[in-house]
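Data block below; observations after.
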Protein chains: 2
Amino acid sequence: MVSIMIDYSMTSQQPAVRPNLAAALEDRGFRITRPRQRVIGAIEEQGEGFTAESLCDALQDVGRATVYRTIRHLLEVGSLCKLIMPDGTPKYSLARVEHHHHTMCINCGTVSEFRDSTIERALRSIEREIPDEIVGHRMEFYVVCAACSTHGSR
Amino acid sequence: MVSIMIDYSMTSQQPAVRPNLAAALEDRGFRITRPRQRVIGAIEEQGEGFTAESLCDALQDVGRATVYRTIRHLLEVGSLCKLIMPDGTPKYSLARVEHHHHTMCINCGTVSEFRDSTIERALRSIEREIPDEIVGHRMEFYVVCAACSTHGSR
DNA sequence: ATCATTATTGATACCATATATCAGTTAAAC
DNA sequence: GTTTAACTGATATATGGTATCAATAATGAT
């Protein structure tokens, strides 16, 4: 399963700015140990739409607990996004520095991302309308990607 | 934990139209058995923001498997929404007939809902912009509700 | 009504994802 | 270099949910 990065924000054409995972952890007082370097390396290699198990598989000599712990730290620090497939199974994705949202192909699992000024404006307008204090949101789009809709199982 | 229904769509003032759970299952060829009636009863009682376990607790004499199966059927039929808290734990909520989205208090767990023409328009505009075929989306807002932000643990 | 058919149930086992525990190890600070 | 604190990884446990399957209940045909 290959994960392609498609950037739908055709207006702002700069490449996605990825957080520096090691630096993000270090800034929060975490030590950059050998096992954490290994996990970070695997995450950067797998990039978009990986699972905790796919990291464990790639890092046989790093303990499962350490893999999960590092994922958790990186989520807390905001360097990873946790995505939920329609069936509830989780996926992780390298974040980008700017706020963004994800599309996930329900057929092949490919994760892509987009930024859209319309949705950002709409989000702000919603946040004005909801009386409670908004502390976060989740927004994911499920798609059948171009590759899956042309050839392959449909 | 009390779950209050707040309808933020002040413009369209009709009350939320809830699906008839038994009818929805029956229409799809499911039998309306005693245990299913019990589950449906508990769901209608708990309304917004319940968990599978809270149903099991309320229905000691109905098997766990049956509770989970009934939830699954109702999700497939579109009569329930599955929501995900920021930490990844799931909640269920009685759907309404019209498309809508949810807010969830990260402190007390209260689920509320809203409909907003701005977001619906924004969603359609996003769907036009994303080249892949969109087959669904997830959108949830995490809040600290009024009750939690005034009194209590903050 | 009775029987045959089919769906449903619930006890149990199991699976996936993830966290808690804790003795042993590593890295940092002094 | 020793002390101190953080980290690791094996293992146990928690949580949310599905698979299995014999027993049971609902339905349809006679």
Side-chain angles (χ1 to χ4, degrees), chain A residues 1 21-22 24-43 46 49-77 80-93 104 109 138, chain B residues 21-43 46 49-77 80-93 104 109 138:
Chain A
M1 202 270 287
L21 302 186
L25 289 185
E26 207 161 29
D27 288 353
R28 304 293 192 100
F30 292 108
R31 290 178 185 167
I32 304 308
T33 61
R34 248 1 273 305
R36 281 184 185 155
Q37 285 172 13
R38 305 280 323 280
V39 175
I40 287 171
I43 288 174
Q46 301 194 9
F50 59 89
T51 65
E53 286 310 314
S54 72
L55 293 184
C56 289
D57 291 350
L59 302 167
Q60 297 285 356
D61 50 342
V62 176
R64 272 171 53 83
T66 299
V67 170
Y68 276 98
R69 270 190 296 245
T70 307
I71 289 175
R72 180 151 35 93
H73 296 325
L74 288 170
L75 284 172
E76 282 162 11
V77 159
L80 287 187
C81 304
K82 181 171 184 170
L83 312 176
I84 314 279
M85 294 296 283
D87 66 354
T89 60
K91 287 212 167 204
Y92 300 92
S93 178
M104 297 138 84
R138 178 190 297 279
Chain B
L21 302 186
L25 289 185
E26 207 162 29
D27 288 353
R28 304 291 192 101
F30 292 106
R31 291 176 184 170
I32 304 307
T33 60
R34 242 13 267 306
R36 281 184 184 154
Q37 285 172 13
R38 304 281 322 282
V39 175
I40 286 172
I43 288 174
Q46 300 193 11
F50 59 88
T51 65
E53 287 311 315
S54 72
L55 293 184
C56 290
D57 292 350
L59 301 167
Q60 297 285 356
D61 50 342
V62 177
R64 265 172 53 83
T66 299
V67 170
Y68 276 98
R69 269 190 295 245
T70 307
I71 289 175
R72 182 152 34 95
H73 296 325
L74 288 170
L75 284 172
E76 282 163 9
V77 160
L80 287 186
C81 303
K82 181 170 185 172
L83 312 176
I84 315 278
M85 294 296 282
D87 65 355
T89 61
K91 288 212 166 203
Y92 300 92
S93 176
M104 297 138 85
R138 177 191 299 279

Return yes if some donor-acceptor pair links the side-chain N/O of [X] with the main-chain N/O of [Y] below 3.5 Å, else return no.
X	Y	answer
B:Gln46	B:Ser54	yes
A:Thr70	A:Thr66	yes
A:Lys91	A:Gly109	yes

Let me know the distance between [atom1] of [X] and [atom2] of [N], rounded to the nearest Å.
X	N	atom1	atom2	value
A:Leu74	D:dC7	CG	P	13 Å
A:Leu80	C:dA18	CG	P	12 Å
A:Ile84	C:dA18	CD1	C1'	12 Å
B:Phe50	D:dG16	CZ	P	14 Å
A:Leu55	D:dG9	CG	P	14 Å
B:Lys82	D:dG16	NZ	P	10 Å
A:His73	D:dC7	NE2	P	6 Å
B:Leu59	C:dT9	CG	C1'	14 Å

(message) Within the 4.0 Å heavy-atom criterion, would you say A:Ala52 contacts the bases, only the backbone, or no part of the nucleic acid?
(response)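 The answer is sugar-phosphate, as A:Ala52 gets under 4.0 Å only of primed atoms, P, OP1 or OP2.
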(request) For B:Asp87, answer base if it contacts any base atom (sugar-phosphate contacts may also be present), sugar-phosphate if it contacts only those atoms, and nothing otherwise; contact means non-hydrogen atoms under 4.0 Å. (result)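 Answer is nothing: B:Asp87 stays at 4.0 Å or more from every strand.
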(request) Could you tell me which non-hydrogen atom of B:Leu80 sits nearest to which non-hydrogen atom of B:Leu75, and how far apart they are? (result) O-CD2, 3.5 Å
(message) I'd like to know whether A:Arg36 forms a side chain to side chain contact (heavy atoms under 4.5 Å, CB included) with A:Phe30, so could you lay out the CA-CA distance, the side-chain angles of the two residues, the decisive distance to 0.1 Å, and finally the verdict.
(response) CA-CA 10 Å; A:Arg36 281 184 185 155; A:Phe30 292 108; 3.8 Å; yes
(request) Would you kindly check whether a donor in the side chain of A:Arg64 faces an acceptor in the base of D:dG9, or vice versa, at under 3.5 angstrom? (result)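 Not at all, since no donor on one side and acceptor on the other fall under 3.5 Å apart.
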(message) If you go through the side-chain atoms of A:Arg69, does one of them form a donor-acceptor pair with the base of D:dG9 closer than 3.5 Å?
(response) yes
(message) The test is salt bridge (charged side-chain N to carboxylate O under 4.0 Å, His left out); show your working for A:Arg64 and A:Glu53 and say whether it passes.
(response) CA-CA 8 Å; A:Arg64 272 171 53 83; A:Glu53 286 310 314; 2.7 Å; yes
(request) Determine, step by step, whether B:Leu74 and B:Leu25 satisfy the side chain to side chain contact (heavy atoms under 4.5 Å, CB included) criterion, reporting the C-alpha distance in whole Å, the side-chain angles of both residues, the deciding distance to 0.1 Å, and the verdict. (result) CA-CA 7 Å; B:Leu74 288 170; B:Leu25 289 185; 3.7 Å; yes
(request) For the side chain of A:Tyr68, starting at C-beta, report the closest nucleotide among C:dG10, C:dA18, D:dT8. (result) C:dA18
(message) Please determine whether a side-chain nitrogen or oxygen atom of B:Lys91 lies at a distance below 4.0 Å from atom OP1 or OP2 of D:dG16.
(response)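 For B:Lys91, the contact criterion (side-chain N or O under 4.0 Å from OP1 or OP2 of D:dG16) is not met.
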(message) Just to be sure I understand the geometry, which residues of residues 26-40 of chain A put a non-hydrogen atom under 4.0 Å away from DNA chain C?
(response)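 DNA chain C contact set from residues 26-40 of chain A: A:Arg31.
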